[in-house]
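To start, the structure itself, in structure tokens.
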Amino acid sequence: MQLEQELERFLGFRDFRVGQREVVAHVLDGKDCFAMLPTGTGKTVCYQLSGYLLDGTVLIVSPLLSLMQDQVERMRANGEKRVVALNSFLSLQEKQRALEDLSAYKFIFVSPEMLANRQIRMAIRRLTIGLFVVDEAHCISQWGHDFRPDYLELGAVREELGSPVTLVLTATATKKVRADIKNQLRLTACMDVIHSVDRPNIALDVQKMDSRFEKQAQLLKLTGLLKGPGIVYFSSKKLAERYAFEIAEQHGLRTAFYHGDMSGEDRVTIQQQFIQNQLHLICATSAFGMGIDKGDIRYVIHFHMPGDLEAYLQEIGRAGRDGAPSIAILLYADGDEAIQLQLQDRDLPEEELVHLSPALTEQLPITERRFLEFYRELGLTPNQIKEKIQFRKRWKRENLYTFLNFIKGITCRRQFVRHYFEEEAKQEAISNCCDVCGVDHADFEGENETIEEQQDWQKYLEYLLK
DNA sequence: CGCGTTGGTCGTATGACCAACGCGGTGCTATACT
């Protein structure tokens with residue numbers, strides 16, 4: 001068919017990558033499509049090319065401001081001027097102007113929160129939406145149920161816009177999560193384009209430690225041996241900061257930390273430095289990573305475990321996008337799950353709070369408050385809300401314990417992952433598969449590239465002044 | 001939950017000990033004011 005020609009004509013690529021062609025074909029056929037494609041497959045191409053080949057506007061729901069800005073800039077750099085991001089980066093005047101002239105844009109990026117705004121929705125309703133895209137759709141299931149409830153309104157918004165053809169994009173979602181997402185978006189008949197989450201070039205290494213001290217020592221040892229660039233994930237902002245300095249000092253590496261308390265400006269700087277190879281490694285919380293377009297990340301270490309296997313795969317999936325051998329190392333000491341258990345509990349309100357009066361609900365911390373208000377506005381009874389809380393708590397806890405089974409397991413890690421995602425078992429042997437099958441660590445060790453010293457004193461000064 | 005920090009006590013060492021406490025992650029938007 002001529003889709004290849006269109007691809008070259010509009011985007012300048014010769015060939016489709018895995019899954020892209022199928023997705024575009026479904027969309028052009030007027031079918032809703034759930035696409036689960038590996039990280040780095042260029043999910044953007046799917047909606048961009050579809051957009052050029054169909055009538056109407058492409059509306060893309062995106063979870064992060066930085067991600068939107070990034071996509072907009074990239075598309076503009078490729079010569080597409082009819083693109084805009086409706087978000088809080090726009091001044092009031094810019095926003096008004098954009099809304100008045102919305103039909104001038106072919107691609108509109110928007111956050112779920114913006115779509116909750118009536119004025120915005122009214123403006124969008126005047127358009128013909130040719131394609132409704134939900135990017136990083138696992139966020140619906142991962143965040144929508146607790147701290148970003150507007151994600152749960154997307155189904156209603158979609159219907160309000162006349163149920164346009166919908167494209168759902170993500171890299172990691174189990175069957176259970178895919179069903180949840182479809183349910184939330186009110187998608188009934190939907191074509192699935194599902195590819196494996198398994199990334200054969202990433203060695204899966206779980207290292208069980210006897211104590212925290214051993215874990216600390218191992219982290220310092222590993223960061224000295226491994227060849228970067230790398231990411232180390234923590235569940236604590238304080239520790240991310242501390243180790244960024246300690247590792248830099250001990251190994252003479254250029255490091256930085258990254259977490260949600262930093263200003264947008266600082267976050268952009270660090271991200272750019274990392275992408276442009278100005279840093280050997282980043283010590284980060286889960287705030288870091290989504291939308292990071294860097295091919296040559298060679299290792300991802302977890303000093304703390306994330307809350308479930310999907311989050312883990314998301315985070316390690318940032319390694320080895322270029323296809324070259326990379327390693328994911330998870331350091332685990334007994335009881336590490338305590339932090340995750342605690343965080344999970346904090347997300348959701350205590351069950352008894354469903355009976356709280358609206359006035360008292362306002363006094364609650366913001367996430368708990370919004371959870372309750374959201375379901376009350378939907379007209380749920382206290383008992384129904386209580387059931388939601390119980391269901392959600394159980395869901396999270398079960399996922400955490402399954403992840404623990406992965407960590408404590410004694411079978412091939414890769415087979416475990418494939419089984420968890422209900423994929424077929426892998427037949428062919430993989431070199432450097434996992435710690436159970438055997439990993440040659442020497443393959444991932446080596447001197448880090450030297451980085452020109454520049455403005456180091458500036459960073460140091462900033463640190464001292466804090 | 002369990003770790004690390006804080007702060008009180010002891011009673012005279014400028015530290016040592018222990019109990020109590022608090023911390024531990026993810027993002028959007030709106031709007032007022034210095």
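We name chains A, B, ... by the order of the sequence lines, and we start the count at 1 in each one. Worth knowing before you read on, the calculation uses all heavy atoms, side chains too, and leaves out hydrogens, waters and symmetry mates.
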Worksheet item: Can we say Asp435(A) and Lys208(A) salt-bridge, meaning some charged N sits less than 4.0 Å from an Asp/Glu carboxylate O?
Response: no

Item to complete: Scan Asp150(A) against the nucleic acid and name what it touches under 4.0 Å (heavy atoms): base, sugar-phosphate only, or nothing.
Response: nothing

Fill in: Geometric class of the Phe109(A)/Tyr47(A) ring pair [parallel <30°, tilted 30-60°, perpendicular >60°]
perpendicular

Worksheet, complete the sentence: Testing dG27(B), dC28(B), dG24(B) for proximity to the side chain of Arg346(A), the answer is dG24(B)

Worksheet item: Tell me: OH of Tyr233(A) to P of dT26(B), nearest whole Å?
Response: 11 Å

Worksheet item: Parallel under 30°, tilted from 30 to 60°, perpendicular over 60°: which one fits the rings of Trp395(A) and Phe391(A)?
Response: tilted

Worksheet item: CG of Leu400(A) versus P of dG25(B): gap in Å, rounded?
Response: 16 Å

Discussion item. By the 4.0 Å heavy-atom rule, please label Arg370(A) as base, sugar-phosphate, or nothing.
Written reply: base

Practice prompt. Give His259(A) one of three labels, base, sugar-phosphate or nothing, depending on what nucleic acid heavy atoms sit under 4.0 Å from its own.
Written response: sugar-phosphate

Fill in: Protein-nucleotide distance (Met262(A), atom CE; dG27(B), atom P), rounded to Å
12 Å

Practice prompt. Name the pairing partner of dC1(B), where a pair is Watson-Crick or G-U wobble with both distances under 3.5 Å, or state none.
Written response: dG24(B)

Item to complete: May I have the distance from Glu315(A) (atom CD) to dG25(B) (atom P), rounded to whole angstrom?
Response: 13 Å

Worksheet item: By a strict heavy-atom criterion of less than 4.0 Å, which residues belonging to residues 166-174 of chain A are in contact with DNA chain B?
Response: none

Discussion item. Rounded to the nearest 0.5 Å, what separates atom CD1 in Ile329(A) from atom CG in Leu222(A)?
Written reply: 4.5 Å

Discussion item. Glu422(A): which residues meet the side-chain contact (heavy atoms from CB on, under 4.5 Å) condition with it, sequence neighbours left out?
Written reply: Lys175(A)

Item to complete: Grab the CE-P distance between Met290(A) and dG25(B) for me, whole Å please.
Response: 17 Å

Worksheet item: What distance, rounded to whole Å, do you find between the two C1' atoms, one in dC17(B) and one in dT12(B)?
Response: 16 Å

Worksheet item: Can you check whether Thr170(A)'s main-chain N or O pairs, donor with acceptor, with Glu136(A)'s side chain at less than 3.5 Å?
Response: no

Worksheet item: If the P atom of dG7(B) is compared with that of dA30(B), how far apart are they to the nearest Å?
Response: 41 Å

Worksheet item: Phosphate oxygens OP1/OP2 of dG27(B): is one of them under 4.0 Å from a side-chain N or O of Asn87(A)?
Response: no

Worksheet item: Is dC18(B) paired to anything, Watson-Crick or G-U wobble with both distances less than 3.5 Å, and if yes, which nucleotide?
Response: dG7(B)

Discussion item. Taking ring-ring contact (aromatic ring centres under 6.0 Å, His included) as the definition, give me every residue that meets it alongside Phe147(A), ordered by chain and number, with sequence neighbours left out.
Written reply: Trp143(A)

Practice prompt. May I ask you to list the residues of residues 88-104 of chain A, by number, that have any heavy atom positioned under 4.0 Å from an atom of DNA chain B?
Written response: Ser88(A), Lys95(A)

Worksheet item: Rounded to whole angstroms, how far apart are CD1 on Ile120(A) and P on dT29(B)?
Response: 9 Å

Worksheet item: If you look at every strand shown and take non-hydrogen atoms under 4.0 Å, does Leu239(A) touch a base, only sugar-phosphate, or nothing?
Response: nothing

Worksheet item: Are Ser111(A) and dT29(B) close enough that a side-chain N or O sits under 4.0 Å from OP1 or OP2?
Response: yes

Under-3.5 Å N/O pairs linking protein and nucleotides 1-6 of chain B:
none

Item to complete: For nucleotides dG4(B) and dG25(B), find the distance between their P atoms and express it as a whole number of Å.
Response: 15 Å

Practice prompt. Assign the ring pair Phe245(A) / Phe257(A) to parallel, tilted or perpendicular, where the plane angle (0 to 90°) is split at 30° and 60°.
Written response: tilted

Discussion item. Is it true that Arg158(A) and Thr166(A) share a donor-acceptor pair across their side chains at a distance under 3.5 Å?
Written reply: yes

Worksheet entry | C1' atoms of dG11(B) and dA16(B), separation to the nearest Å | 12 Å

Worksheet item: Using 30° and 60° as the class limits, which term best fits the ring planes of Tyr258(A) and Phe288(A): parallel, tilted or perpendicular?
Response: perpendicular

Worksheet item: Between Asp198(A) and Arg414(A), is the closest basic N to carboxylate O distance under 4.0 Å?
Response: yes

Discussion item. Quick one: does any side-chain atom of His304(A) pair with a main-chain N or O of Ser235(A) as donor and acceptor, under 3.5 Å?
Written reply: yes

Item to complete: Could you check how far CD of Gln119(A) sits from C1' of dA30(B), rounded to whole Å?
Response: 13 Å

Worksheet item: Separation of Gln142(A) atom CD from dT26(B) atom P, in whole Å?
Response: 13 Å

Item to complete: Indicate, with a heavy-atom threshold strictly under 4.0 Å, whether Pro63(A) touches base, sugar-phosphate, or nothing.
Response: sugar-phosphate

Item to complete: For Glu350(A), enumerate each residue passing the salt bridge (Lys or Arg N to Asp or Glu O under 4.0 Å) test, keeping only those at least two apart in sequence or located in another chain.
Response: none

